[in-house]
Amino acid sequence: MKNILITGGAGFIGSHVVRLFVNKYPGYHIFNLDKLTYAGNLANLRDIEDKPNYTFIKGDIVDGSFVQQLFAEHRFEGVIHLAAESHVDRSIANPLEFVMTNVVGTVNLLNAARNLWNGNFEGRRFYHISTDEVYGSLGNKGLFTEDTAYDPHSPYSASKAGSDHFVRAYHDTFGIPVVVSNCSNNYGSYQFPEKLIPLFINNIRNKKPLPVYGKGENIRDWLWVEDHARAIDVIYHDGITGETYNIGGHNEWKNIDLIKVMCRVMDRKLGRSEGESEKLITYVKDRAGHDLRYAIDSSKLQRELGWKPSLQFEEGIEKTIDWYLANEEWLSNVTSGDYLRYYESQYVKR
Ligand code: NAD
Ligand code: DAU
């Protein structure tokens, strides 16, 4: 058995990665280390929690001595690092929390891997999951490539950029066998409903206002989360040490166009008259430092490692809406308590 550590496995993308690895690789023992912040939810993993090759560990990557002990105890051969504070709006409200988890937490993991592996890197891998937001904002033309200079604008993207730099520095300075990927916006099941797609699905379902930032003209490149998890599998196993791979769906949408598609699909699924949900659209104050456009060139990953997205967006968004409508209990559990306080502070005062 190879012991593999996945951090942030109770979150949105992490839970899809844990599920894929536990089911596909019976020869790996997957340890899921997660602090269970508001974004972490063990209900995301109910279907695999009893598998013999899976163990959940509740813990904080900011606690360096705890992380060291964990590595010493389980002697991980691989690390797939997803744990992070991930929401841009929250980073504007509380930047330091993002520095702690995203930068300090990442350096703690790198230090623990360095200590445990102690120069013996055969069969070892430290895979850091990052975001396209580190590249900043595009104008109307062009795509982010692996060579695009970093230019983060939000405390979230600055903290992810910082962590990426540390990961690469530990490769160059200490020889840690790292690989990094930078992915575009994900959508799909189990995403916490503070992010655009699940938030708007939930609000449409409850006939609540749809808070569109600015004029709704910002553009994002959307990828189905299970395609991201497949890319992580391919890069973990076949990516070249020291390299970076961009992951994206070649699927750009202006926010307002995407929102109108969601409204139309949901009107149909909920038996509402056409145009009913669009009336919920409410333009609100723009996000500070709001990046205009993200778009990823993932040709390196496609050419060198043979990955490509499996789902067209039209099919993916239908599947995603169906999932949230069929999983009302999951949605109501995560939208009670703290969520309501967050919602008040984020939207009611706007
Ligand atoms: P998420 O917020 O849904 O999940 C993050 C997980 O990390 C949660 O389970 C949380 O409990 C855990 N966590 C947070 N702080 C922790 C700490 N100090 N110690 C241990 N665990 C902690 O995030 P996500 O959307 O699934 O993103 C996962 C990773 O992928 C992040 O690194 C993010 O930057 C990156 N990413 C996300 C997207 C996207 O569209 N969501 C796109 C590209 C890259
Ligand atoms: O690009 C990858 C990134 O995508 C990840 O690194 C982040 O973790 C992830 O949160 C996501 O960041 P965004 O800021 O692009 O995602 P979000 O869902 O917050 O917003 C998508 C777009 O929708 C963005 O232009 C802001 C807008 N928006 C968002 C919310 C929550 C609104 O107009 N209204 C809203 O209420």
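Note that this is a predicted model, so its numbers are computed, not measured.
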*Give the C-alpha distance, both sets of side-chain angles, the deciding distance and a yes or no for salt bridge (charged side-chain N to carboxylate O under 4.0 Å, His left out) between Arg90 and Glu194.*
CA-CA 10 Å; Arg90 288 185 191 250; Glu194 63 187 351; 2.6 Å; yes
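- The 12-atom threshold is exceeded at CG of Asn206, counting heavy atoms of other residues, nucleotides or ligands nearer than 6.0 Å.
- Applying the ring-ring contact (aromatic ring centres under 6.0 Å, His included) rule to pairs touching residues 243-302 yields Trp253-Phe313, sequence neighbours excluded.
- Closest of all the heavy-atom pairs between Ser277 and Asp267 is OG-OD1, 2.6 Å.
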Report, one line per pair, each donor and acceptor closer than 3.5 Å where one atom sits in a side chain of residues 76-83; sequence neighbours left out.
residue: His81; atom: ND1; partner: Thr7; partner atom: OG1; Å: 2.7
residue: His81; atom: NE2; partner: Thr106; partner atom: OG1; Å: 2.9

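- For residues 305-314, there are no salt bridge (Lys or Arg N to Asp or Glu O under 4.0 Å) pairs, not counting sequence neighbours.
- For residues 320-337, the salt bridge (Lys or Arg N to Asp or Glu O under 4.0 Å) pairs, not counting sequence neighbours, are Arg205-Glu328, Lys269-Asp322.
- Ring pair Trp117/Phe121 is perpendicular by interplanar angle, where above 60° counts as perpendicular and below 30° as parallel.
- With hydrogens and angles ignored, the 3.5 Å screen pairs a side-chain donor or acceptor of Lys300 with a backbone N or O of Thr244.
- Without hydrogens or angle criteria, Thr282 side chain to Leu280 main chain gives a donor-acceptor distance under 3.5 Å.
- Shown here are the side-chain hydrogen bond (donor to acceptor under 3.5 Å, both in side chains) partners of Glu278, two or more places apart in sequence or in another chain: there are none.
- Under the 4.5 Å side-chain heavy-atom criterion for grouping Ile, Leu, Val, Met, Phe, Trp and Tyr, Ile30 is not connected to Ile57 through any hydrophobic cluster.
- Among Thr101, Asp164, Asn102, the single residue meeting the side-chain hydrogen bond (donor to acceptor under 3.5 Å, both in side chains) criterion with Ser159 is Asn102.
- Looking at residues two or more places apart in sequence or on another chain, you find a side chain to side chain contact (heavy atoms under 4.5 Å, CB included) between Ala229 and His16, Val17, Leu20.
- Between Tyr25 and His237, the ring centre distance stays below 6.0 Å.
- A distance-only check finds a donor-acceptor pair linking the side chain of Arg293 to the backbone of Gly142 [under 3.5 Å].
- Judged purely by atom type and a 3.5 angstrom limit, Asn32 has no side-chain atom pairing as donor or acceptor with the backbone of Thr55.
- The side-chain hydrogen bond (donor to acceptor under 3.5 Å, both in side chains) test applied to His87 returns Asp89, Tyr342, not counting sequence neighbours.
- A centroid separation of less than 6.0 Å is found between the aromatic rings of His165 and Tyr150.
- Taking the side chain to side chain contact (heavy atoms under 4.5 Å, CB included) definition, one finds that Val334 meets it with Asn41, Phe192, Pro193, Trp330, sequence neighbours left out.
- Side-chain atoms of Asn182 do not come within 3.5 Å of backbone N or O of Ser130 as any donor-acceptor pair.
- Pairs passing the salt bridge (Lys or Arg N to Asp or Glu O under 4.0 Å) check and including a residue from residues 13-32, sequence neighbours excluded, read Arg19-Asp47, Lys24-Asp233.
- Partners of Ser157 according to the side chain to side chain contact (heavy atoms under 4.5 Å, CB included) rule, which considers only residues two or more places apart in sequence or in another chain, are Glu133, Pro152, Ser154.
- Side-chain atoms of Ser163 come within 3.5 Å of backbone atoms of Lys160 as a donor-acceptor pair (strictly under, hydrogens ignored).
- Between His128 and Phe126, the ring centre distance reaches or exceeds 6.0 Å.
- Not counting sequence neighbours, the partners of Asp338 by the side chain to side chain contact (heavy atoms under 4.5 Å, CB included) test are Arg341.
- Of the possible polar contacts, none joining the Arg75 side chain to the Phe71 backbone as a donor-acceptor pair under 3.5 Å is found.
- Side-chain atoms of Asp34 come within 3.5 Å of backbone N or O of Ala10 as a donor-acceptor pair.
- Listed for the Asp297 side chain is a donor-acceptor partner under 3.5 Å among the backbone atoms of Ser299.
- A salt bridge (Lys or Arg N to Asp or Glu O under 4.0 Å) check over residues 207-227, counting only residues at least two apart or in different chains, returns the pairs Lys207-Glu276, Asp227-Arg230.
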